[in-house]
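The structure presented is a predicted model; accordingly, all values stated were derived computationally and were not measured.
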Amino acid sequence: MITRRDLLKSLGTLGAAGTVGVPAILLPSTAQAAVTPFTLPLRIPPVLAPSSTDATTDYYDLDIGETSAEIVPGLQTQVISFNGSVPGPIIRARAGRTVVMTHTNGLPDTTLGGAPGNVTIHLHGAHCPSGEDGYPTDYIQPGGTRSYTYPNNQLPAPLWYHDHTLDFTGPHVWYGMAGLYLMTDDYEDALNLPKGAYEVPLVIQDRNFDANGQLIYTKNMNGETGDTLLVNGTVQPYLNVAKRKYRFRVYNGSNARFYKLALSNGQSFQVIGMEGGLLSAPVTVTSITLAPAERADIVINFGSLAVGTNVELRNTLVASTSSVYKIMQFKVNSTATDTSVVPATLRPVTKFTRSQAVRTRNWTLSRSGMNGNWMINGQVFDENRIDASPRLGDIEIWKFTNQSNMDHPMHLHDVMFQILTINGAAPAATHAGWKDTVVVPRMMGTAEIIMKFTDYTGKFPFHCHVLEHEDMMMMSQFEVLP
Ligand code: C2O
Ligand code: CU
Ligand code: CU
């Protein structure tokens, strides 16, 4: 029976308890009950050392396998990890220097959540040959090994590696298969942004745990959301900070949840970059919304706060009583000198203009019925169908129109793009640089993006980054032709 509440939910008008795109059902979970917010120190994933290195290339070895992690204190949670770490270890890359990541798949034929043990690893945000991109059916079978070669022939950016298995990306990532890949270059180093201990990655994810501390995954076709927030795999942690500036590399690594990040003291912060790297200039805001797969490179200055002050990072998309409101806490507990700066010019972004585009492609986003598959141009993913064939060197405009009742964060492989319009208006300054994911607003909302296809021919997917929408077929592909 469809109740009025269900109808309202499906129309997206019950927003308060939900996320922007995805109505959330908030159930208390064991982890929620077991962890008092801000009692666990923020975990920082280890930086992986290369197993070898030569004049051009750094080589990394990663073992994928079922391991356990103490996420809820006193309980062991079964996860799928890279080298035993959830999120996976951090890869530090430099633009222009090649990275080879060799993955050994130690999963059984059927793994956690009943998902298959075959995997494929995609480096999200990478500009690399099609064959290195982690195509959804280019599997590493259980027991298998393969190397991916990333030329890093692109602007430095906050990338991340994650599983991309056809129909099962959602559970694979939910159980742990994601890690950071932070790229930089000499230009960025010379800017003297906060670095070392003052540059901190924050991967925000939501999960549900059962009474034994095990993850619950239901493949909710609206998008899987959890009632427990994790940052770098730590439930609602705290971080001791000094009175000075910090650079936070914030990733929305959630399957489906959107967050609006704000500080509890109302303090502003500077956004210095997004998915594709640095903005042309810092943008001062008091909040920023991140859809799944979006990243924000931000600088928070704790310098004017007294030692002893606690500041919370909150998700103001939900009510203050929600279990997913409090993300983490910064405890200002010391002083420190600060010679870092946020320069007025970061990295100039050369803007594409509409007149450079050789064509415009139109894409609709919709659903087959109330509970059916998610579709692009009325079609579900088919690995044997190519829906666009740009040529190398072409600049194109893509216009997405969202005919459904949920927001869709659309992500393209291979390219970084610029947003021309959202609902017909220019994007916010924070969203005016290089991006790889754009939110297309629900209910006939539109987004126009512009990009240039360079260097690599071959097939690349594009899809909604709500992972259950992707798994439920909201994916298509383009093939770059010579
Ligand atoms: Cu984050 Cu197609 O991926
Ligand atoms: Cu990607
Ligand atoms: Cu979607």
Side-chain angles (χ1 to χ4, degrees), residues 26-49 62-91 104-108 111-115 117 119 160-163 170-180 197 200-218 224-241 248-255 257 312-313 315 323-331:
L26 299 175
L27 302 169
S29 75
T30 304
Q32 192 53 40
V35 181
T36 305
F38 320 137
T39 55
L40 298 173
L42 177 72
R43 173 180 179 276
I44 311 280
V47 174
L48 190 60
L62 292 109
D63 288 326
I64 300 163
E66 292 180 6
T67 53
S68 62
E70 187 169 329
I71 298 170
V72 181
L75 296 176
Q76 291 294 321
T77 301
Q78 287 297 115
V79 294
I80 306 176
S81 64
F82 292 94
N83 292 358
S85 179
V86 175
I90 297 172
I91 306 293
T104 300
N105 181 1
L107 292 176
T111 184
L112 303 179
V119 304
W160 53 310
Y161 57 96
H162 64 73
D163 175 73
H172 280 173
V173 171
W174 183 267
Y175 284 97
M177 292 185 65
L180 305 192
V200 181
L202 301 177
V203 182
I204 305 174
Q205 297 173 313
D206 58 332
R207 295 290 186 266
N208 289 310
F209 295 88
D210 73 11
N212 300 315
Q214 301 312 312
L215 289 162
I216 305 166
Y217 185 79
T218 66
E224 192 85 4
T225 54
D227 60 10
T228 301
L229 287 188
L230 307 175
V231 184
N232 300 345
T234 329
V235 180
Q236 292 174 298
Y238 72 87
L239 176 68
N240 288 325
V241 295
F248 294 104
R249 317 298 297 265
V250 187
Y251 285 64
N252 183 346
S254 305
N255 283 38
R257 186 178 291 284
E312 291 171 25
L313 181 66
N315 168 25
S323 67
V324 293
Y325 178 68
K326 297 179 175 193
I327 300 171
M328 65 175 292
Q329 185 187 58
F330 304 105
K331 294 181 192 286

Q: Output yes when a side-chain donor or acceptor of Gln214 lies under 3.5 Å from a complementary backbone atom of Gln78, and no otherwise.
A: yes
Q: What's the spacing between Thr228 OG1 and Asn208 CG if we round to 0.5 Å?
A: 6.5 Å
Q: Could you tell me if the side chain of Val79 sits less than 4.5 Å from the side chain of Ile71, heavy atoms only?
A: yes
Q: What distance separates Arg207 CZ from Arg257 CZ, expressed to the nearest 0.5 Å?
A: 11.5 Å
Q: With sequence neighbours left out, what residues match Tyr217 under ring-ring contact (aromatic ring centres under 6.0 Å, His included)?
A: Trp174
Q: Looking at CZ of Phe209 and CG of Leu215, how far apart are the two atoms once the value is rounded to the nearest 0.5 Å?
A: 5.0 Å
Q: What is the minimum heavy-atom distance between Gly117 and Asn105, and which atoms define it?
A: O-ND2, 2.8 Å
Q: Nearest heavy-atom pair of Ser68 and Gln76: which atoms, and what distance?
A: OG-OE1, 3.1 Å
Q: Grab the two heavy atoms, one from Pro89 and one from Leu62, that are nearest each other, plus how far apart they are.
A: CG-CD2, 4.0 Å
Q: Apply side-chain hydrogen bond (donor to acceptor under 3.5 Å, both in side chains) to Lys331 and list each qualifying residue two or more places apart in sequence or on a separate chain.
A: Gln329
Q: Apply side chain to side chain contact (heavy atoms under 4.5 Å, CB included) to residues Leu107 and Val119 and explain how you reach the verdict.
A: CA-CA 9 Å; Leu107 292 176; Val119 304; 3.7 Å; yes
Q: Does some side-chain heavy atom of Val200 sit less than 4.5 Å from a side-chain heavy atom of Phe330?
A: no
Q: Is the closest side-chain heavy-atom distance between Pro171 and Leu112 below 4.5 Å?
A: no
Q: Can you confirm whether Tyr175 sits close enough to Thr111 that some side-chain heavy atom of one is under 4.5 Å from a side-chain heavy atom of the other?
A: no
Q: Could you walk me through whether Arg249 and Leu180 pass side chain to side chain contact (heavy atoms under 4.5 Å, CB included), step by step?
A: CA-CA 10 Å; Arg249 317 298 297 265; Leu180 305 192; 5.7 Å; no
Q: Using the salt bridge (Lys or Arg N to Asp or Glu O under 4.0 Å) criterion, which residues pair with Asp163? Sequence neighbours excluded.
A: none
Q: Does any N or O in the side chain of Gln236 come within less than 3.5 Å of the main-chain N or O of Lys326, such that one atom is a donor and the other an acceptor?
A: yes
Q: Which donor-acceptor pairs under 3.5 Å do the side chains of residues 38-45 make with protein atoms, sequence neighbours left out?
A:
from  : atom 1 : to     : atom 2 : distance (Å)
Thr39 : OG1    : Thr36  : O      : 2.7
Arg43 : NH1    : Val86  : O      : 3.0
Arg43 : NH1    : Asn232 : O      : 3.4
Arg43 : NH2    : Ser85  : OG     : 2.6

Q: Please find the pair of heavy atoms, one from Val324 and one from Asn315, that lie closest to each other, and give the distance.
A: O-ND2, 3.0 Å
Q: Between Thr225 and Asn255, does a side chain to side chain contact (heavy atoms under 4.5 Å, CB included) hold up when you go through it step by step?
A: CA-CA 7 Å; Thr225 54; Asn255 283 38; over 6 Å; no
Q: For Phe82, which residues count as a ring-ring contact (aromatic ring centres under 6.0 Å, His included) partner, sequence neighbours excluded?
A: His103, Tyr161
Q: Testing the basics here: between Met177 and Ile64, what is the closest heavy-atom pair and its distance to 0.1 Å?
A: CE-CG2, 4.0 Å
Q: Please evaluate residues Ile204 and Tyr251 with respect to the criterion side chain to side chain contact (heavy atoms under 4.5 Å, CB included), reporting the C-alpha separation (whole Å), side-chain torsions for both, the decisive distance (0.1 Å), and the verdict.
A: CA-CA 6 Å; Ile204 305 174; Tyr251 285 64; over 6 Å; no
Q: Any side-chain to backbone donor/acceptor pair from Asp206 onto Leu229? Under 3.5 Å, distance only.
A: no
Q: Holding to side-chain hydrogen bond (donor to acceptor under 3.5 Å, both in side chains), I want the full list of residues that pass it with Glu70, two or more places apart in sequence or in another chain.
A: none
Q: Are Met328 and Thr234 close enough that some pair of their side-chain heavy atoms sits under 4.5 Å apart?
A: no
Q: Taking all non-hydrogen atoms of both residues into account, name the closest pair between Thr67 and Ser81 and its distance.
A: OG1-OG, 2.7 Å
